[in-house]
Protein chains: 2
Amino acid sequence: MTAQTGERRRDAERTRTEIVDVATEEFAERGYSGARVDEIAARTRTTKRMIYYYFGGKEQLYLAVLERAYAEIRAAERTVDVDHLDPVAAVRRLAEVTFDHHEAHPAFIKLVGVENAQHAKHMNHVARLVDLNSSAVDLLRGVLDRGRAEGTFRDDVDALDVHMMISSFCFFRVANRHTWGALFDRDLLDESRRGHYRTMLGDLVTGYLRK
Amino acid sequence: MTAQTGERRRDAERTRTEIVDVATEEFAERGYSGARVDEIAARTRTTKRMIYYYFGGKEQLYLAVLERAYAEIRAAERTVDVDHLDPVAAVRRLAEVTFDHHEAHPAFIKLVGVENAQHAKHMNHVARLVDLNSSAVDLLRGVLDRGRAEGTFRDDVDALDVHMMISSFCFFRVANRHTWGALFDRDLLDESRRGHYRTMLGDLVTGYLRK
DNA sequence: CTTCTAATGTACGAACTGGTACGTTAGTTA
DNA sequence: TAACTAACGTACCAGTTCGTACATTAGAAG
């Protein structure tokens with residue numbers, strides 16, 4: 001309750017946050033079973049004991065990591081404003097935001113991969129996540145409705161399918177960067193090709209939607 | 001050299017194959033560090049000792065798994081014949097073959113994820129893989145050339161980019177099945193939606209390519 | 001200043017896990 | 001049938017890794 005931040009040697013909140021920060025990197029990089037509790041502790045200014053003190057165990061720590069990662073990305077998505085754009089431009093804008101998100105949060109992408117590798121069994125235990133998650137799709141649905149009413153878009157498309165189309169392109173580019181680089185000698189995240197792929201995604205989606 | 005197959009108690013080739021079969025499932029399901037050598041051995045008709053006898057260690061076994069998985073999928077790709085189809089139909093056919101492949105080989109998809117999680121560091125040690133891998137893209141490039149010559153396709157598209165477009169859609173659907181199911185309550189592999197997604201992919205790609 | 005507790009650190013144990021030393025057997029060859 | 005080798009099995013070790021018992025301290029409360 002005091003204001004002497006920065007010099008306190010005991011700060012529960014700070015310790016918790018730091019543990020989750022480091023754990024996010026560790027789990028993203030090595031997977032659930034590959035991640036080492038000792039390693040996470042070592043890269044923190046505190047000790048392994050604190051992980052068990054605050055979180056209870058490796059699994060609960062992973063849960064905390066997952067929950068925070070999703071909460072962050074959904075919060076960012078909610079800030080997008082597309083109402084002042086025409087439907088085509090709005091869809092393109094949404095695709096670009098998703099594109100940028102994926103590029104800016106590689107650790108998140110990796111966590112999604114880790115969670116899928118475990119059949120999403122942890123995610124089901126975090127009820128809060130499901131509530132958070134419709135925001136991006138809801139935005140998209142609104143835009144699609146406008147486009148249909150206007151007569152610009154075909155009217156047999158589902159918002160979730162379009163979201164999947166966009167996500168898959170963005171996800172793949174980040175997630176499979178390494179095998180793609182090894183097999184085809186092309187770095188999908190090379191800065192010089194960034195604009196090209198961003199435009200390509202927009203063309204792809206709007207092209208599909210148009211009547 | 002004898003012909004008494006089926007009753008031999010000692011069959012090196014059979015033992016090797018069986019180990020790789022089981023290891024493929026184990027590595028795909030649990031990841032590299034999550035996979036247990038003891039578990040692989042237990043699910044085989046032989047013992048852990050044989051894994052070390054034939055492969056040398058966990059890492060070399062993983063390499064053998066990876067190499068065989070890629071060899072299989074590339075071999076299947078090579079069998080596609082698109083020369084008798086017009087460019088648009090041929091592209092659609094290639095997309096569908098990729099789509100079907102991904103659906104039929106979930107273990108392969110998971111291995112790709114596992115390998116990317118490790119920055120594809122093992123793949124670089126399997127030189128044979130890189131040679132194998134251009135087949136799908138070469139086929140596609142030929143079709144794109146025909147389409148351009150014919151005037152049907154835009155002429156600013158790269159075959160590798162189109163291949164990426166197709167792969168990303170197919171990959172995502174299989175790889176992220178579980179988180180998608182948990183977050184949006186939609187099973188991307190549900191049989192009743194299979195045809196829908198297959199058509200959607202074809203529309204998407206051919207729509208993008210057309211002038 | 002004393003007391004009390006949340007927060008923190010140290011040291012260690014039990015189970016797991018990759019790997020190996022050593023012995024055995026099937027099947028081939030002379 | 002005797003000798004030889006590839007193929008196989010058992011038992012075990014050494015290092016790792018999650019988790020915990022126990023001791024300690026910072027800082028708030030009275």
Side-chain angles (χ1 to χ4, degrees), chain A residues 1-66 114 118 121-122, chain B residues 1-27 29-66 114 118 121-122 125:
Chain A
M1 205 46 73
T2 53
Q4 47 186 187
T5 43
E7 277 305 329
R8 284 172 65 182
R9 313 259 296 273
R10 307 203 139 193
D11 189 331
E13 201 48 46
R14 184 181 186 123
T15 302
R16 278 186 86 103
T17 306
E18 192 178 356
I19 289 172
V20 176
D21 287 344
V22 174
T24 298
E25 288 305 316
E26 178 79 2
F27 280 118
E29 204 50 48
R30 322 225 183 226
Y32 181 75
S33 54
R36 299 285 167 247
V37 177
D38 282 305
E39 179 63 22
I40 294 171
R43 284 160 55 188
T44 300
R45 274 173 306 176
T46 184
T47 63
K48 183 168 62 160
R49 179 68 186 81
M50 290 298 95
I51 292 175
Y52 288 90
Y53 183 67
Y54 284 118
F55 299 95
K58 185 181 184 179
E59 186 164 3
Q60 291 101 308
L61 174 57
Y62 173 76
L63 242 54
V65 164
L66 201 64
V114 170
Q118 300 172 71
K121 72 172 172 188
H122 294 102
Chain B
M1 203 46 73
T2 54
Q4 48 187 184
T5 42
E7 276 307 327
R8 283 172 65 184
R9 312 260 297 273
R10 308 204 141 193
D11 189 330
E13 201 48 48
R14 184 183 187 122
T15 301
R16 277 186 87 104
T17 306
E18 191 178 357
I19 290 172
V20 176
D21 287 344
V22 174
T24 297
E25 287 306 315
E26 178 78 2
F27 280 119
E29 204 51 46
R30 323 227 183 225
Y32 181 77
S33 55
R36 299 286 167 247
V37 178
D38 282 306
E39 179 63 22
I40 295 171
R43 284 159 56 188
T44 299
R45 274 173 305 177
T46 184
T47 64
K48 183 166 64 157
R49 181 65 186 82
M50 289 299 95
I51 292 175
Y52 289 90
Y53 182 66
Y54 284 118
F55 299 95
K58 186 180 183 179
E59 186 164 3
Q60 292 101 307
L61 174 57
Y62 173 76
L63 241 56
V65 165
L66 202 64
V114 169
Q118 300 173 73
K121 73 172 170 187
H122 294 100
H125 297 169

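Heavy atoms only: backbone and side chains are in, while hydrogens, waters and symmetry mates are out. Proteins come first, then strands; the chains are lettered A, B, ... in the order of their sequence lines, and each starts at number 1.
- The aromatic rings of F27(B) and Y32(B) lie parallel to each other, with less than 30° between the two planes, well short of the 60° mark.
- Note: CG (L61(A)) to C1' (dG19(D)) measures 14 Å, nearest angstrom.
- OP1 or OP2 of dC8(D) lies within a sub-4.0 Å distance of a side-chain N or O belonging to Y54(B).
- Rounded to an integer number of Å, the gap from CD of E59(A) to C1' of dT17(D) is 16 Å.
- Separating the CZ atom in R30(B) from the CD atom in E25(B) is a distance of 11.0 Å, to the nearest 0.5 Å.
- Between T15(B) and Y53(B), the closest side-chain pair of non-hydrogen atoms is not below 4.5 Å.
- Of the inter-residue distances, the one linking Y54(B) atom OH with Q60(B) atom CD reads 16.0 Å to the nearest 0.5 angstrom.
- Atom NZ in K58(B) sits roughly 12 Å away from atom C1' in dT16(D) (whole-Å rounding).
- The line from CG of D21(B) to CD1 of I40(B) is 11.5 Å long, rounded to the nearest 0.5 Å.
- Within a heavy-atom distance below 4.0 Å of DNA chain D, the residues of residues 35-49 of chain A found are A35(A), R36(A), V37(A), D38(A), K48(A), R49(A).
- Between T46(A) and E18(A), the closest side-chain pair of non-hydrogen atoms is not below 4.5 Å.
- One interatomic measurement links the two molecules: CZ of F55(B) to P of dA7(D), which rounds to 12 Å at whole-angstrom precision.
- Following rounding to the nearest Å, I51(B) (CD1) and dA7(D) (C1') show an atom-to-atom distance of 15 Å.
- Residue R14(B) contributes atom CZ, which lies 17 Å from atom P of dA26(C) at whole-angstrom precision.
- The side chain of Y52(A) places an N or O atom within less than 4.0 Å of a non-bridging phosphate oxygen (OP1 or OP2) of dG19(D).
- For M50(B) and dA6(D), the CE to P distance is 13 Å, given to the nearest whole Å.
- Within the structure, a side-chain polar atom (N or O) of T15(B) is placed less than 4.0 Å from OP1 or OP2 of dC8(D).
- Atom pair Y62(B):OH and dG19(C):P shows a separation of 15 Å (rounding to whole Å applied).
- Side chain of E26(B) to backbone of E39(B): no donor-acceptor contact under 3.5 angstrom is found.
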